[in-house]
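Only one structure is covered here, and it is reproduced in the block below.
A, B, ... follow the sequence lines: proteins, then strands. Residue 1 opens every chain.
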Amino acid sequence: MKKKIYIGVAWPYANGSLHLGHIAGCYLPADIFARYNRMKGRDVLMVSGSDEHGTPITITAENEKTTPQDIVDKYNKEHTENMKQMGISFDLFTRTTTKNHEKVVQDIFLTLYNKGYIYKKNVKAFYCNHCNRFLPDRYIEGTCPYCGNEKARGDQCDECGKMLDPEELKNVKCKICGGTPEIKVSEHLFFALSKFESKLKKWIKKNKHWKSSVLKFTENWLKEGLKDRAITRDINWGIKVPVDGFEDKRIYVWFDAVIGYLSASKEWSQKIGSPDKWVEWWRNKDAKHYYFLAKDNIPFHTLIWPSILMGYDETLNLPYDIPANEYLRLKGEQFSKSRGTAIWIPNILEKFDVDAVRYYLSINMPENKDTSWMWDDFVAKNNDELVGAYGNFVHRVVTFTYKNFGEIPALKELDDFDKEALEKIKETSMKVSEAIEKCSFKKGLRAAMNLAQFGNFYFDQKQPWNLVKNDKEGCGTVLHICLKIVKALAVFMAPYLPFSSDKIWNVLGYKESIHTISWDQCLEDLKAGVELEKPRPLFKKLSLEEIIVPAEEEVFSKLDLRVARVIDVKDHPNADTLYLLNLDVGELGKRVIVAGMKPYYSKDEIKGKSIVIVSNLKPAVIRGVKSNGMLLAAEDENGVCSLLNPGDATPGSKVVIDGIPQEPVNVLEFDDFKKVNMIVDENQKATYKGRILYTEKGDVVSDRPVKKGAKIL
RNA sequence: AGCGGGGUGGGGUAGCCAGGAAAUCCCGACGGGCCCAUAACCCGUAGAUCAGUGGUUCAAAUCCACUCCCCGCUACCA
């Protein structure tokens, strides 16, 4: 029987688009691994799906005035589409809202319940009689017992930063209706994680081949002792609890999502018409289970999911390896759905070839530490490595052969260098294999790229352009070897760059897809005489200017910078360094903003001044007071802080710069604003990208002398 | 400030978890070669006290302690 490889990939949460961080973190490595193993002749089963239950989705639905089902349908469709576009070769990408999944989850739940691994326990929680529901912590507001802030949330006080238990709050209110909720006892079901502690410890001892970060993380959790966790929630969006008396509750998302690994395997079996097929992966001792996920997901896969499996059915396979990745950041910031800084898959695929993106994500994969998506680096690696080294080698070889022979020439006499070249292919095959088997994907790619470089070297040394004139046979041999290298490269790159590899395969005259062939094909002979197709360049060069400049200026144009006059200054009631400024913003009316200028300016100094504000910044509550925008101030490397002075421009008038159109958005996210880097120049003028900010009355300058290059925030 | 992750030639990195001849690869710089190829490719040269200090050891980038700096999350960053 063929070796079985099971690949489970983290389930993307269905309340937002996928971004590059998701792909680099788990989908791409999983796909590389899957494609490689299929070529190695192993039976691969790779599954995942959208994670579609839980509170955040219900909140998104409320915000968008629609139903959870709509939200989930929308993102499941998008995720499915994006996975396909990125070339992620799932055997099944499903969702947690299927009947099958519900059935499997309930079965596991009930079994664990009957075995005593799930038990009832009373929990105190706030219940709103008016809304007729239990309130999650974040829907509770009350007076903080520590600092007296009246708007502390159930889980935390924004004023003093203390973590709270909802019961500690005084004057508790329901955030939804404003009514007064009461504490009610609610019965919930708990999963007895603690009962698995010793078993888990034993099991983990056997898993020394895990990545150190995964091992360390898990051991830390175990050290602190495992706590039983509530696995039911007082909401109505989720899987029904198959226990009497829990009709109003649902199974908690994290519990249902991990079970997707099993339920999806079963669903896949049904879909291919052999419903018991999943057993070959799950009850076969020789099958190996791999789980791909990002670091924030580690304990769910190293502790919780194994516990569920152990408790449910001892004969099921536990994870063999969990090569969790770190994070991919965008220029130092983490990719995240909740912040506006990500690069979304739907957008990026409009602009770039999939394989170019896959190449950069692969060569830059956050295998051992966080890495960054840097646009200049993306362009450099695309142009110098993918296009320059790999693409160019393939193209120069195929083009040259096509022009001079039109077909694959025969292999004749070999000299030592030729033999070395053929040996190099074998060697690379081993290196790439070994690396991918160990989930060292970067290493594998690099090994393949080295072969491309060697190919260029060989081609150069052999000078076929000279040979063709007086030794056509010898020239043919050289090209035959080069084409063998090209063929091998297509195989080695197939897991990483599936689309371009397929193209090369066809150019070489093969009719089938490269993804159906065996890895060992990389060493097999080429048939002389096969006609070549007319070659086209595989990859395109990119230019940084086209990519990056519009992106940043786009953000600047969203700003609505205005002149404002300070009418009044007060101390912030709950902060040492903050003022409340009452501003006159002309046509935009009057408003209050919070400003951290107390250490730098006295009240008298500020009062009456004209300043510059970002008027369309998303309002934020800062220590209990809502701030409607923020003022611009400069701070230099010595810590000198200065307001920006718009001269005697009228309140409400616009602050603009030349060359960038003004298209202010209604609400500007703070994260977007942060991307705009304005500085003070040597003449004390406020600038963006070397262009001076000005109003109808003249240039905006720094109120106090600051050093050149002072950052404006 | 709390938690987490890092600091290796100009930039980006590998190696460090299982210490051993002063260190990998890519880009960049400089010099040379080639002209088949998407002004691509090939060869050569320069360039690192492996953040700092102290310790363990016959031996440390690799182990331990402390310090400094950077980044992410959280926060009276607005």
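- Each of A:W210 and A:K295 has a nearest nucleotide on RNA chain B; the 5'-most of these lies closest to A:K295.
- Within 4.0 Å of A:N404, counting heavy atoms only, lies no atom of the nucleic acid at all.
- One interatomic measurement links the two molecules: CD of A:Q463 to P of B:C35, which rounds to 7 Å at whole-angstrom precision.
- If you take CG of A:D377 and P of B:C25, they are 18 Å apart, rounded to a whole angstrom.
- Rounded to the nearest Å, the gap between the P atom of B:G5 and that of B:U49 is 27 Å.
- Here the separation of B:G6 from B:G52, taken at their C1' atoms, is 16 Å to the nearest Å.
- Using a 4.0 Å cut-off between a side-chain N of Lys or Arg and a carboxylate O of Asp or Glu, A:K369 and A:E326 do not qualify as a salt bridge.
- Residues A:S642 and A:D703 bring no donor and acceptor atom of their side chains to less than 3.5 Å of each other.
- The pairing partner recorded for B:U24 is none, the criterion being a Watson-Crick or G-U wobble arrangement whose two distances lie under 3.5 angstrom.
- B:A1 is paired with B:U74 under the Watson-Crick or G-U wobble criterion, all donor-acceptor distances under 3.5 Å.
- Atoms CZ (A:R446) and P (B:G12) sit 15 Å apart, rounded to a whole Å.
- A straight line from CG of A:D376 to C1' of B:G10 spans 14 Å, rounded to a whole angstrom.
- Regarding A:N466, its CG atom lies at a distance of 6 Å from the P atom of B:C35, rounded to whole Å.
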- What one-letter contact string describes nucleotides 36-43 of chain B from 5' to 3', where B marks a base within less than 4.0 Å of any protein heavy atom, S marks contact via sugar-phosphate atoms alone, and - marks no contact? BBB-SBSS
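- Under 3.5 Å, the side chains of A:Y402 and A:E533 contain no donor-acceptor pair of N or O atoms.
- Note: CG (A:N368) to P (B:U8) measures 16 Å, nearest angstrom.
- Atoms CG (A:N364) and P (B:C26) sit 16 Å apart, rounded to a whole Å.
- The separation of B:A18 from B:C64, taken at their P atoms, amounts to 9 Å, rounded to a whole angstrom.
- Using Watson-Crick or G-U wobble geometry with both donor-acceptor distances under 3.5 Å, B:A29 finds its partner in B:U45.
- A:A595 comes within contact range of the sugar-phosphate backbone alone, with a heavy-atom separation under 4.0 Å but no base atom that close.
- In the set B:G15, B:C25, B:U13, B:U13 carries the atom at the smallest distance from any side-chain atom of A:K369.
- Look at B:U57: it lacks any Watson-Crick or wobble partner with both distances under 3.5 angstrom.
- Taking 4.0 Å as the cut-off between side-chain N and carboxylate O, A:D415 and A:K462 count as a salt-bridged pair.
- If you check every strand for non-hydrogen atoms under 4.0 Å, A:K442 touches sugar and phosphate atoms only.
- At whole-Å resolution of the value, CG in A:L467 and C1' in B:C34 are 14 Å apart.
- If you take atom C1' in B:C16 and the same atom in B:C63, they sit 10 Å apart, rounded to whole Å.
- Environment of CD in A:E473: sparse, with no more than 12 heavy atoms of neighbouring residues, nucleotides or ligands closer than 6.0 Å.
- Atom name C1', nucleotides B:G2 and B:A60: the rounded distance is 33 Å, in whole Å.
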- Task: Please test A:Y496 against A:D355 for side-chain hydrogen bond (donor to acceptor under 3.5 Å, both in side chains), starting from the C-alpha separation and ending with a verdict.
- Result: CA-CA 8 Å; A:Y496 296 94; A:D355 278 357; over 6 Å; no
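- Nucleotides B:G31 and B:A61 are separated by 32 Å at their C1' atoms, to the nearest Å.
- Remark: side-chain polar atoms of A:N645 are not paired, donor with acceptor, to backbone N or O of A:S702 under 3.5 angstrom.
- Across every non-hydrogen atom of A:C641 and A:M597, the tightest pair is SG-CE, 3.9 Å.
- With both ends at atom C1', the span from B:A14 to B:C26 equals 11 Å, rounded to whole Å.
- A donor and an acceptor atom, one from each side chain of A:N456 and A:R396, are located under 3.5 Å apart.
- Between B:C30 and B:A23, the two C1' atoms lie 23 Å apart (nearest whole Å).
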